[in-house]
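Read the numbers this way: they start at 1 and go in the same order the structure lists the ligands and their atoms.
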Amino acid sequence: MKLDLHEIASHLGKRIHSDIDEPPIEDAESGVKCVKPVTGEITFNNTGKHIVARGHFETTIEIECSRCLKPYTIDLSMPIEEELQIPGHTIEVLEEQELPEDEKEPLFVDYVLDLTELLRQNISVAVPIKTLCSEECKGLCPHCGKDLNQGPCGCPPDAEESAFSALASLLEEEENKLES
Ligand SMILES: [Zn+2]
Ligand SMILES: [Zn+2]
């Protein structure tokens, strides 16, 4: 959703309120995959140089467990706090300013706010780096690939150990190579 903020941008002290109701946002690049609409509310307040946006939103995102590769969902409930520079006051600053890395699209162009992009940025910072479907996730067997959360696989019980020792001797070889 795009919001036209012309009206508020030209009236100091003006405040408007808007409900958020976005269809599920998906963006593979930033790992954002909502499985529910994004709902909430946002208030814009013209403070002179900025339009201050404050509010909150809720959604549910789907992520993949880094151990067992199963998708699982987490509920998000997040605050929104954003300062949008009103063009005209700070044109030069805006031109010199480099966009932060996670900001692949400018949010606020010609007094129009890209609310979907603002929400995507907020959600992307909430995606955990280390994803685990549960603290106790057993992951996949390194040999047969079976999901060990569903029970043990048929691999010999010492398989894991020998895999580790094989890895260890490989590492040792590498080290020896580096030393010689
Ligand atoms: Zn898992
Ligand atoms: Zn196995």
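Rounded to the nearest 10 degrees, the angle SG (Cys141) to the Zn ion (ligand 2) to SG (Cys144) equals 110°. The angle subtended at the Zn ion (ligand 2) by SG of Cys155 and SG of Cys153 is 110°, given to the nearest 10°. Computed with the Zn ion (ligand 1) at the centre, the Cys65 SG to Cys137 SG angle is 110°, stated to 10 degrees. With the Zn ion (ligand 1) at the apex, Cys133 SG and Cys68 SG define an angle of roughly 110° (rounded to 10 degrees).
The two residues Asn45 and Ile8 have their closest heavy-atom pair at N-CD1, 3.9 Å. Of all heavy-atom pairs between Leu107 and Glu117, the closest is CD2-CG, 3.6 Å.
Counting non-hydrogen atoms of other residues, nucleotides and ligands closer than 6.0 Å to NZ of Lys36 gives a total of 12 or fewer.
The closest side-chain heavy-atom distance from Asp75 to Glu58 is not below 4.5 Å.
To the nearest 0.5 angstrom, Lys70 atom NZ is 5.0 Å from Asn149 atom CG.
Distance check for His143 against the Zn ion (ligand 2): none of its N/O/S atoms falls below 2.8 Å.
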